[in-house]
Structures are given as C-alpha cells and as structure tokens.
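When a ligand or atom number is given, it counts from 1 through the structure's own listing order. One-based numbering along the sequence shown.
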Amino acid sequence: MSLSLRHVAKTFPGGIRALLPTDLDIAEGEIVALLGPSGCGKTTLLRIIAGLETSDPGAQIRFREEDITRQPVERRKVGMVFQSYALFPNMSVRGNIGYGLKMQKLPRKQIEARVEEVIALCRLEACVDRAVTALSGGQRQRVALARAVAPRPRLLLLDEPLSALDAALRAMLRDELAALLRQFGITAIHVTHDQEEAMAIADRVAVMQEGRVVQVGTPEALYRQPQTAFVARFIGNAMPLDGRIEGALLHLPGGTLALDRPVNGAAAYVRAEDVRIAIDGPLCGRVEAVTFLGTHYRLTISGVTHSPLTCLHQSFNPPRPGETVRLTIPQDAILFLQPEETAA
Ligand code: ATP
C-alpha cells in the first residue's frame, strides 16, 4: 500500500465537523479522485494528507511503511497543484519548474536534466523561455504540473487543478492529465466536484458527502452499483422512480412496471439513457421539451413520475413537445437503493 489513512478527521474551531473519521487506502501508482459537492470535506482531507492541516487526535497516516502523521509538510515529499496555478510570475517557465530542485540543492547539471525531462513530458518546449505571465491558462497549468513533479514527489496532490479553465480546455487537459499521470507512474490524489473529470482521470473515485467518504470504487462500479441514492444521483444523475412498490410491481403516476422480483423497503432510480420510447411500453407521459444534442435528443417527459423524467433518445425522428409517448425501462436498469432520508 502506498498511502493508508486511518481515523483521519477534522473538527474546526466552533465545532464544524468538516471531516468525519475516514479510512482510505491508496495503492502504489494509483490515481484516486475525491469527488463531492462543495463543502463535503475534499480539500480538508487533501490538506491533512499534505500536512497543511492537522487531523483530530487518533488519526494515523502511513506512507508505505512510514508513519507520517506528525511529519511536517516539507518532509512529506508531496507535490501539489492548485486551481490557482500559484506560479512565480517573475520567473521564466524553466525557473518555475526548477524551483523545487534548487530548494533541494541538487547539482546544476542534474537540475537542468530533470527540468528538460519534464518539459518534454508536459510538452512545454514551445513556451519554455517565456515569462509565465505570457502563457495561456492551459499552459500555466501544465507548468504547475511540471513544477510539482520535477522533484519526483512520492505523492502528487491536485486540488481542482482544471476548474479555472474554460469548458473546452478543461475537457482537453483532463484527458492529457490522465495520460500524463500514468506516464509519471505517480501515486496521485485529485480533488474535484466534477463527476466527468473524476471518472476520466482516476483509477478509483472516493465519493464524499457531508464530511464522509460514502463509497469508493472504480468509475464503472460507482456507476453500475451505487450503494446510496446520493451516489446514484451524483454519478450519472439517476432519477427517482417515485412511486409505490407492491411486491413485484412498481406503480408510478404514468403506469405500472412489472419487476422481475419483489422488492421491499427500497426506492427505485433510473438513468436517462435507460428510459426508452416503446410503442407498447407500460408507461405513458407527455413530451415537454426536446433538445438536440448531436448524437441524441434529450426529452423531458412529464406524467410518468412526480418530477419530470429525462430520456436520451437516438433517432432521426424524435417526438415533438406536446405529444404523448409510451415508455419502457429495462428491469436490469432499475437501481434499488435505500430511500434517501435513511441513506448513510
Ligand atoms: P469546495 O469544493 O467548495 O472547496 P470542499 O469539499 O473542498 O469544498 P472543504 O473546503 O474541505 O470542502 O470544507 C469542508 C467544511 O469545512 C465546510 O463546511 C467548510 O466551510 C469548513 N471549513 C473549511 N476550512 C475551514 C476553516 N479553516 N475553519 C472553519 N471551517 C472550515
């Protein structure tokens, strides 16, 4: 195990419980995303791992076999990349990238070789001699990444590194970052509130809610087997099928779905891609809105559930607003979860 956290928690003055006791294991070379809405404790957890924040008593943080719980930030050998780049504006790109190596007092030749190595890795050749103030947001973030990895940290921590960039650049850099981190072979923890970013970059995602990690898993596992309604909604926008389950029947305002087994005490959820238009479907609704999205249409349908249901529909001939449509939902696409009020 590369990094192991036990009972890591944080209570801020005034009794604000930013992080409830948390255990997490991260393997060597693994990339883990901490994903959750604003205020759920992601940054607090990251800062405790970095040594920028102390945990409540009783925590243990081990790096490989070493107990680093009380180690100060400068001895933890972590690299950090923030949303705000935090580059030195009065230094060139090379100067920024070499800064950490200079602080380590490495011989000049070695510094130069390492700087060149990460410049090539991060594809920064074209802008190395410029002032950082003359770079684009995407280039600055690549310099920040190069600067963080140049001293070969044993752990790389990234706090919303892409959120200052515009949407198109963010999507491009996201894939680049995913590839680069794997090339570096570095153990990394990436904080984000963006589900797509977490899924694109991380080997495993830890979903956080109100100060606790509620589920950890591969992007596929979280998507297909969410353990709580919160995870199902946060990963892939699952919608409640808020009707009445009676044995193996799910009664909804727009019709009754036959289930393949009786279900007790659970709430049903479905994702938009699993809601299908079918002439003989058991559900009936009214199309409220039709949005063309290139590869498919997004339909907003009322009357099936209490709140409007979204359906992703691929066809050259979509229904029109105002039309009545029949729908079906494949049984294996329905997620049965604890109702939200009682979810952990
Ligand atoms: P965001 O995505 O908005 O950055 P986050 O998930 O990273 O959110 P944290 O920054 O970890 O959340 O904050 C968790 C909780 O702790 C929040 O309620 C926040 O207000 C509180 N908090 C964070 N830092 C402090 C502090 N220094 N003093 C008091 N409360 C704090």
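At the shortest separation from atom 31 (C) of ligand 1 among protein heavy atoms lies F12 CD1, 3.3 Å. Nearest protein heavy-atom neighbour of atom 3 (O) of ligand 1: S38 OG, 2.6 Å. The protein atom (non-hydrogen) at minimum distance from atom 9 (P) of ligand 1 is T44 OG1, 3.6 Å. With hydrogens left out, the protein atom closest to atom 17 (C) of ligand 1 is G39 O, 3.8 Å, a heavy atom. With respect to atom 2 (O) of ligand 1, the closest heavy atom belonging to the protein is K42 NZ, 2.8 Å. Among protein heavy atoms, the minimum distance from atom 10 (O) of ligand 1 is reached at T43 CB, 3.7 Å.
Inside a 4.0 Å radius of atom 29 (C) of ligand 1 there is at least one protein heavy atom. Note that atom 20 (O) of ligand 1 has no protein non-hydrogen atoms nearby, at separations under 4.0 angstrom.
Comment: R326 does not engage D280 in a salt bridge, judged by the lack of any side-chain N to carboxylate O separation of less than 4.0 angstrom. Look at E176 and R142 and you find a salt bridge, because one of the NZ, NE, NH1 or NH2 atoms lies within 4.0 Å of a carboxylate O, short of that distance. Comment: R152 engages E117 in a salt bridge, judged by a side-chain N to carboxylate O separation of less than 4.0 angstrom. Using a 4.0 Å cut-off between a side-chain N of Lys or Arg and a carboxylate O of Asp or Glu, R286 and E288 qualify as a salt bridge. Of the charged side-chain nitrogens involved, at least one lies within less than 4.0 Å of a carboxylate oxygen, so that E66 and R154 count as a salt-bridged pair.
Between atom CE of residue M199 and atom OG1 of residue T192 there is a gap of 12.5 Å, rounded to the nearest 0.5 Å. R233 contributes atom CZ, which lies 8.5 Å from atom OG1 of T228 (distance to the nearest 0.5 angstrom). With rounding to the nearest 0.5 angstrom, the CD1 atom of I201 is 8.5 Å from the CD1 atom of I31.
Distances below 4.0 Å separate heavy atoms of P37 from the following atoms of ligand 1: 6 (O). Taking a cut-off of under 4.0 Å to the non-hydrogen atoms of I16, the atoms of ligand 1 that pass are 29 (C), 30 (N).
For ligand 1, none of its N or O atoms has an N or O atom of A18 under 3.5 Å away.
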